Structure formats: C-alpha cells, structure tokens
Amino acid sequence: CTICDGGRMTMSAVGILSMHAAWNHFIHNHIHDFFYTGISCGWIWGYASSSSHHNEIAWNHIHHLGKGQLSDMGGIYTLGEQPGTTIRCNYIHDVVKSNYGGWGVYQDEGSSHIVVERNSCVNLSSQGIHQHYGMENLVRNNIFALGREAQLAVTRSEDHVSLNLEKNIFISDGKPIFNAGAAVMKSTAHIRSDLNLFYDRAGDPVFSSDEPDWRGWQEAGLDKHSIFADPLVSGLDTGCLTWAADTPARSLGFEPFSLDAAGPREDAGCE
C-alpha cells in the first residue's frame, strides 16, 4: 500500500496502527508525510502480558514524518513485550521532531524480545534507534546514519539484559555515536555490544557525549572487537545501497544488503 498525507484532521494519526494483534505482516508499504509515527505496534506499557506478538514489519519505505510539528515519534514505534516480532529490511529517513524524539526505530516502554535487522535509518532529527527500556531485544546488521543528535540512545539501565547490539554500522557526521548513554550503558551488564563498525565523516569519532573515546567503554567490556573505519557504502540517501568489495564491515560478520525493494512491490527498483 501507499499510505500518505495523514494527520490533517488529527495530527497524531499514524500510517498503520496495530494494538492488540498478532501474526500480522505489515510489508511493502510506502508511508510518508504524516506528522507522527509511520507504523505503531503494541499497546501495553511496561512488562505486563501483551497480545501483540509475532508481527512482521518488513520492506517498508517510511519517510518525512513529524515535520517539526510533534514530538516523541518514530518511523517504527513499538510498545510492550512482543516475542516473535521482527523489524527488518525497512528504509526509514527524514523523521523530524518538534522538541524531542525524532527516531527511526523507537522501542518504547517495555519493548521486549524484538529482532531489529537489515534496516537503514538515515537523517533523523534525534537518533537512528532509541530503546527507552525493554528486555532481550536483538539489534543486528543495521545501518544507523546521520542522526542529528547521535546514532543510538538507551534511556534506562535495568537489572537484566535489555539490548543485544551486534554487527551494526553507525555513521556520524560530527555527532556522538551514542547519546548521553555511556553512564547508563556501563552501569550494569544490561547491554551487550560488539562487532560493530563506527565511522564519522567529520573525522575522529566522539564515542558518546560523556565518554569521548571508547577506552573506558571497552574497559567496561563493551565493543571489544568493534572497529572504527569507513564502511565504503554509497546510496544512503536512496536506500539502494552499493558496497565496495573490500568493505571492512565484512570482517565483523556484517552482511551487506540493499533496500531497493522497500515500498510497494510494483514500485521496487532504483532509478
């Protein structure tokens, strides 16, 4: 489907809303020009039992949301425990907040047991991905690039594993990789992060706003095998990604991908 030009009567309208539902496939949609979220999945705050599970959100092209009018939004928004839910192969760009919270993937309160993989989140007014708090989410093999505040944010430290972060590419342009998150992420072992590639177009990367270099980060056991290098990828602004044969991301186990088929099937392909 193409779902566009929403929110004219109710600004907080979203493109697709799945509240208490399971085993759905939200795939190959083109969602754009809303003042709020593109796809919202789940409707239970925190760790209470939820009937939202095993939903597939894939191959969507989601862009130009928020437009500086509203806050606390994402291209894809999740809420509550959602075992079996996957967010994969989505191209998300140009989400612009009013005061706070213009994210690509937004895992809000209690978002848990969700797999996020092979997505490209580019040019967001906050970060490519934000996890408020949750349990055992797996974020792997994604690109989070050119967030205007940072590339990833985690808000709360908890006494369980909340986020497994591996084999992702983070591309910045003079902004931190992580947003004010080092103290939170190092305070417990609730974050597992490794085999990621970090790159800053502006020069030497700032790892986070309160941990400028990553030595302290590694001393806490995080990103022991991650690297700083140019990923040698083009096409971030179109989703039609082209990779150099010698991209250093491969050495970390990252699997190059392209999102030229994101959006309605009949419109697939790079122009």
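Since we're looking at a predicted model, the values are computed, not measured.
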Problem - Test side-chain contact (heavy atoms from CB on, under 4.5 Å) applied to Gln131 and Val139, step by step - result: CA-CA 10 Å; Gln131 177 165 311; Val139 178; 5.6 Å; no

Exercise for the section: Using a cut-off of 6.0 Å, state whether more than 12 heavy atoms not belonging to Asp204 lie near its atom CG. Expected result: no

Problem - Single-linkage hydrophobic cluster Tyr47~Leu79, side-chain heavy atoms < 4.5 angstrom - result: no

Completion exercise
Rounded to the nearest 0.5 angstrom, the OH-CD distance for Tyr133 and Glu109 is 4.0 Å

Handout entry: Asn29 side-chain N/O to Ile3 backbone N/O, donor-acceptor pair under 3.5 Å
Key = no

Exercise for the section: Following the transitive rule for hydrophobic clusters with a side-chain heavy-atom cut-off under 4.5 Å over Ile, Leu, Val, Met, Phe, Trp and Tyr, establish whether Ile44 and Ile114 coincide in one cluster. Expected result: no

Exercise for the section: May I ask you to check whether over 12 heavy atoms, not counting those of Lys67, lie within 6.0 Å of atom NZ? Expected result: yes

Practice task
For residues 241-253, pull every pair meeting side-chain hydrogen bond (donor to acceptor under 3.5 Å, both in side chains), keeping only residues two or more places apart or in separate chains.
Solution key: none

Exercise for the section: May I ask you to check whether Ser50 and Glu81 show a side-chain donor-acceptor distance below 3.5 Å? Expected result: no

Exercise for the section: Check the side chains of Asn123 and Arg148 for a donor-acceptor pair under 3.5 angstrom, ignoring hydrogens and angles. Expected result: yes

Completion exercise
In this structure, SG of Cys4 is separated from NE2 of His32 (nearest 0.5 Å) by 4.0 Å

Completion exercise
In this structure, CZ of Phe257 is separated from CD of Glu117 (nearest 0.5 Å) by 10.0 Å

Problem - Qualifying residue for side-chain contact (heavy atoms from CB on, under 4.5 Å) with Val154, from His130, His190, Gln127, Gln107 - result: His190

Practice task
Determine, using the 4.5 Å side-chain heavy-atom cutoff (strictly less than), whether Leu232 and Leu236 are members of one ILVMFWY cluster.
Solution key: no

Completion exercise
Output for pair (Leu259 CG, Asn60 CG), nearest 0.5 Å, gives 10.5 Å

Completion exercise
Which of Asn164, Asp223, Leu163 passes side-chain contact (heavy atoms from CB on, under 4.5 Å) with Ile191? Answer is Leu163

Completion exercise
d(Asn99 CG, Ser71 OG) to nearest 0.5 Å is 4.5 Å

Exercise for the section: Go through the side-chain N and O atoms of Asp72 and Tyr106 and say whether any donor and acceptor fall under 3.5 Å apart. Expected result: yes

Problem - Any donor-acceptor N or O pair under 3.5 Å, side chains His225, Asp194 - result: yes

Practice task
Taking Thr238 for its side chain and Cys240 for its backbone only, find out whether a donor-acceptor pair lies under 3.5 Å.
Solution key: yes

Exercise for the section: Report yes if the distance between the aromatic ring centroids of His61 and His30 is under 6.0 Å, otherwise no. Expected result: yes

Practice task
Keeping the roles fixed (side chain from Thr78, backbone from Ser111), state whether a donor-acceptor pair exists under 3.5 Å.
Solution key: no

Handout entry: Pairwise side-chain contact, Ile227 with Leu252, heavy-atom cut-off 4.5 Å (strictly under)
Key = yes

Problem - Path from Tyr77 to Leu17 over hydrophobic side-chain contacts below 4.5 Å - result: yes

Problem - Test item: side-chain donor near acceptor, His132 and Asp108, under 3.5 Å - result: yes

Exercise for the section: Answer yes if Ile62 and Val96 sit in the same cluster of Ile, Leu, Val, Met, Phe, Trp and Tyr residues linked by side chain heavy atoms under 4.5 Å apart, and no otherwise. Expected result: no

Handout entry: Side-chain (Asn55) to main-chain (Thr85) donor-acceptor, under 3.5 angstrom
Key = no

